Amino acid sequence: MLITDFHSHILPGVDHGSDSVETSVKQLSLMHSFGTEVAVATSHYYPTESISVSEYIRLRDAAAGKLLDAVADKNRPRIILASEVLVCPGLENLPDLEKLLISGTDYMLLELPDVSWNGMIFQTLKALGKMGIRVIFAHIDRYPPELVKDILIITKFKAQLNPGAFSSRSVHRRYSGYIDDGTVVALGSDLHMAKKGSYKKFASISAKYRDDFECVMRRTEKIIAGANML
Ligand SMILES: [Fe+2]
């Protein structure tokens, strides 16, 4: 079983996750020290900002290149390039949208907006599904549970959890059904900067909820191999 951190902001200068190559190297060594074998690098992409997808990808890949030059392979997890894409109405029409997929897969990590999940968002999600994009919602534990329930029932898409979903027995109970029924296919630290304390929360999921952790990690392994889990 591979240990995969499916949500991390570790590429220097691409978003607010890392301010330098040095910080990113520290992030990778933190991940490595806690046993993470694969890191999905999910830098933010905001369609509402003026940068095009192709320009964002150029910057992202250049940042990844600088980082990989600075750290020995044996001291870091394997890195898979991806993006955390904010959903907005009309996202399906964005030129080069497919470049935002998780590398080597048809999956895309989508961040839901904090407010206003209106009909247009649902239209966009439906359109993405029709285009063959396999959506994984980022950190569903960050949103109102009733809204999450609705969106998962309507879309039947998959989801990723942050450590917050495991912060207490009662919070865990809220999400354990989504682990049991196969909705949750990934766990992520959502690491920003090299904060040991926050990474420890991700790493400690395996000790507190071993069965859930291993079950989800096995699903993630299939996702990054490109298998259809929808
Ligand atoms: Fe994130």
Side-chain angles (χ1 to χ4, degrees), residues 3-20 23-24 26-28 30-31 34 36 38-49 51 53 56-57 59-61 63-64 67 77 79-88 91 94 97 99-103 105 107-115 117 121 125 128 133-144 147-148 151-152 157-167 171 175 178 183-205 216-217 220 223-224:
I3 297 181
T4 301
D5 180 346
F6 201 78
H7 187 151
S8 64
H9 298 268
I10 53 172
L11 299 180
V14 181
D15 62 15
H16 51 279
S18 165
D19 54 5
S20 64
T23 297
S24 296
K26 282 185 198 159
Q27 289 177 302
L28 291 184
L30 190 56
M31 292 172 140
F34 279 107
T36 297
V38 178
V40 183
T42 51
S43 303
H44 285 287
Y45 181 74
Y46 299 112
T48 45
E49 292 181 1
I51 185 169
V53 171
Y56 160 82
I57 294 292
L59 294 171
R60 185 199 68 178
D61 293 359
L67 176 57
I79 295 173
I80 295 177
L81 294 177
S83 311
E84 180 180 9
V85 183
L86 180 68
V87 188
C88 61
L91 178 67
L94 195 68
L97 180 64
K99 292 182 179 169
L100 298 172
L101 293 168
I102 296 165
S103 299
T105 79
Y107 290 94
M108 187 177 286
L109 186 70
L110 287 190
E111 178 181 22
L112 288 159
D114 283 331
V115 288
W117 296 1
I121 291 282
L125 293 170
L128 295 176
I133 293 175
R134 296 174 184 154
V135 170
I136 299 173
F137 291 122
H139 42 54
I140 55 166
D141 46 297
R142 279 199 5 201
Y143 306 97
L147 288 179
V148 167
I151 207 163
L152 289 173
F157 289 148
K158 300 296 184 185
Q160 171 258 319
L161 292 174
N162 272 7
F166 301 87
S167 57
V171 175
Y175 299 101
Y178 295 132
T183 300
V184 172
V185 293
L187 306 175
S189 65
D190 207 353
L191 182 66
H192 289 71
M193 304 302 285
K195 295 178 194 153
K196 192 172 180 183
S198 81
Y199 207 73
K200 218 172 165 180
K201 287 181 189 163
F202 171 74
S204 68
I205 300 170
V216 176
M217 287 298 153
T220 308
I223 295 271
I224 59 180

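Order of listing sets the numbers, starting from 1, for every ligand and every atom in it. Keep in mind that what you see is a predicted model, and the values were worked out from it rather than measured.
Looking only at distances, no side-chain donor or acceptor of Glu84 sits under 3.5 Å from a matching main-chain atom of Ser43. Distance alone, capped at 3.5 Å, places no donor-acceptor pair between the Ser24 side chain and the Ser18 backbone.
Here the protein contributes His7 NE2, His9 NE2, Glu84 OE1, Asp190 OD1 as N, O or S atoms under 2.8 Å from the Fe ion (ligand 1).
Between Ser83 and Tyr56, the shortest heavy-atom distance links the atoms OG-OH, 3.2 Å. Here the closest heavy-atom approach between residue Ile136 and residue Ala159 is recorded as CG2-C, 3.7 Å.
For Ser8, the side chain to side chain donor-acceptor pair (under 3.5 Å) test picks out no residue, with sequence neighbours left out.
Aromatic ring orientation, Tyr46 versus His44: parallel (interplanar angle below 30°, classes split at 30° and 60°).
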